[in-house]
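Reviewing the structure listed below.
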Amino acid sequence: MNNADGKAIDFATVAGRWFLGAFFVYSGLEKGLDPASFLKLVRQYDLTQTSFLLNSIAGTLPWFEVFCGALLLAGVAVRGAALTVAGILIPFTAVVWHRALVLQGAHGIPFCAVKFDCGCGMGEEFICHKLLENAGLILLALWMLAGRGRSFSLRFSLFAHPGGTT
Amino acid sequence: MRLKPRPTPEPRRTNIVPSRTPTAAILLEAVIVMAVAVGFAFAVNEMSPRGLKLGRNYFPSVASATNLPPKVLPTDENPPAVPEEKSETAEIDQRIKSKGLQPIDRAEVEHLFHDPRYQQGLVVFIDARDEDHYAEGHIPGAFELDRYHPEKDLAADLVPCQNAEQVVVYCTGGDCEDAEFTALMLRDAGVSNKNLSVYGGGFDEWSASHLPLEQGARNSGLAPVKGQ
């Protein structure tokens with residue numbers, strides 16, 4: 001790979017990091033500023049019957065996302081934040097998929113015609129669009145783990161590595 | 001002369017955890033990020049005026065939303081037995097009844113709105129939506145009661161509710177269950193169940209019927225009727 005290609009990849013990685021960070025800050029704020037609405041959406045998934053757990057998920061998950069998004073935007077602990085973000089997205093995507101299958105079964109419509117507010121902070125979306133969007137975000141988060149694009153970051157890693165930079 | 005051997009300078013420590021592999025460092029970093037993020041998230045929820053009270057049961061229902069039979073859309077093989085609108089109304093009424101509450105339809109609500117007892121405070125309307133929606137428009141004279149933040153209005157709303165012969169609670173309508181949970185909250189606070197009714201059509205149906213609206217604070221005056 002020549003130097004120009006390397007720089008282009010680094011630049012694209014920084015842009016991807018900013019996009020991912022901005023996405024999480026935005027969607028987290030959308031939910032966090034109206035936790036009651038988010039609570040009702042989370043309840044639809046029937047994840048738990050324990051009110052403390054349900055309230056904890058609805059009350060804290062949005063701010064958890066905002067925090068991780070802010071780290072990505074600022075370039076602090078980038079790979080740790082990216083791994084955390086992927087760790088949120090993967091189970092959440094599975095839960096959304098499952099909910100879509102339930103709705104598909106109840107309504108007797110094609111899978112991609114299922115449209116609902118998944119509590120993702122973006123309002124009602126068609127499920128196939130949502131799944132593709134989440135797959136893209138997961139891939140982007142996993143790409144961040146490669147450690148490229150260290151420019152414009154306050155502290156890329158909390159720990160220095162041999163031969164690496166902080 | 002014998003020279004003292006110079007002490008070997010310690011290698012420059014650029015690595016806080018030299019033995020850690022990059023993978024382990026990333027995992028440790030993720031754990032630290034998660035721990036701090038969890039602390040941050042709980043702190044913001046606690047400090048936010050809109051934050052949820054983690055120990056409160058916001059859905060103290062007999063039947064949860066998911067216990068109800070899933071809504072089945074009509075298809076060629078499964079034609080609707082009754083018109084869709086009526087079937088949706090019946091479904092909402094059934095949901096309200098399943099919580100031990102009485103549903104009330106738009107015609108009855110409109111009748112109560114024009115009933116002289118409404119001006120005397122013997123009929124009370126409770127708007128169970130949040131502050132922003134209430135301010136945008138509500139049934140004239142309705143009291144605001146956001147069940148997610150009952151400390152704000154419950155004490156003040158309870159007296160008129162207890163003195164009223166009929167209390168009508170509404171929220172947005174349709175899938176919105178806040179009116180039912182607010183009615184349950186009022187019941188638990190001492191309002192007689194026989195006086196409580198839930199308007200399932202809610203504010204959406206009321207405003208779509210071009211009925212009078214009020215904006216801003218309670219009793220601030222009628223707003224122009226939409227669509228006229």
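Convention: sequence-line order gives letters A, B, ...; per-chain numbering from 1. Since the structure is predicted, the reported quantities are computational estimates derived from the model, not experimental observations.
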remark   = Turns out that what part of A:Ala58 lies under 4.5 Å from chain B's heavy atoms comes down to both
message = At a heavy-atom distance under 4.5 Å, which candidate from A:Leu71, A:Leu39, A:Leu83 has the highest pair count against chain B?
response = A:Leu39
task = For B:Tyr134 and B:Ala142, indicate whether the former's side chain and the latter's backbone hold a donor-acceptor pair under 3.5 Å.
result = yes
message = A side-chain contact here means heavy atoms from C-beta on lying under 4.5 Å apart; do B:Asn57 and A:Phe52 qualify?
response = no
request  = Name, in order of residue number, those residues of residues 41-48 of chain B that have a heavy atom at a distance of less than 4.5 Å from a heavy atom in chain A; otherwise write 'none'.
outcome  = B:Ala41, B:Phe42, B:Val44, B:Asn45
query = Counting heavy-atom pairs under 4.5 Å to chain B, which of A:Asn55, A:Val76, A:Asp34, A:Val66 comes out on top?
reply = A:Asn55
message = Tell me whether B:Asp132 is salt-bridged to B:Arg50, with the criterion being a basic N under 4.0 Å from an acidic carboxylate O.
response = yes
query = With no hydrogens and no angle check, do the side chains of B:Ser197 and B:Gln166 hold a donor and an acceptor under 3.5 Å apart?
reply = yes
ask   = If we only count heavy atoms from C-beta on, is the B:Ile139 to B:Asp127 side-chain gap below 4.5 Å?
value = no
inquiry  = What verdict does the side chain to side chain contact (heavy atoms under 4.5 Å, CB included) test give for B:Glu144 and B:Arg129, after you've listed the backbone C-alpha separation in whole Å, the side-chain angles of each residue and the deciding distance to 0.1 Å?
reply    = CA-CA 7 Å; B:Glu144 178 191 345; B:Arg129 298 171 304 150; over 6 Å; no
key: NE2 (B:His133) with more than 12 external heavy atoms under 6.0 Å   = no
query = Of the listed residues (B:Asp146, B:Leu27, B:Leu54), which shares the most heavy-atom pairs with chain A below a 4.5 Å separation?
reply = B:Leu54
request  = For atom CD of B:Glu131, decide whether the heavy atoms of other residues, nucleotides or ligands shown that lie under 6.0 angstrom number more than 12.
outcome  = no
ask   = Charged N to carboxylate O under 4.0 angstrom, A:Arg79 versus B:Glu29?
value = no
remark   = Greatest number of non-hydrogen atom pairs under 4.5 angstrom with chain B, of A:Leu145, A:Ile88, A:Leu33, A:Leu54, falls to A:Leu33
task = Decide whether a cation-pi geometry holds between A:Arg43 and B:Phe59; the criteria are a distance under 6.0 Å from NZ or CZ to the six-membered ring centre and an angle within 45° of the ring axis.
result = yes
query = Would you call A:Lys31-A:Glu65 a salt bridge at under 4.0 Å N-O?
reply = yes
Which portion of A:Val85 sits near chain B, non-hydrogen atoms under 4.5 angstrom = neither
query = For B:Asp178, is it the side chain, the backbone, both or neither that has a heavy atom under 4.5 Å from a heavy atom of chain A?
reply = side chain
ask   = Is it true that B:Tyr58 and B:Tyr148 have ring centroids separated by less than 6.0 Å?
value = yes
request  = Write out, in numerical order, the residues from residues 30-39 of chain B with a heavy atom short of 4.5 Å from a heavy atom in chain A.
outcome  = B:Ala30, B:Ile32, B:Val33, B:Met34, B:Val36, B:Ala37, B:Val38
inquiry  = A side-chain contact here means heavy atoms from C-beta on lying under 4.5 Å apart; do B:Tyr199 and B:Phe125 qualify?
reply    = no
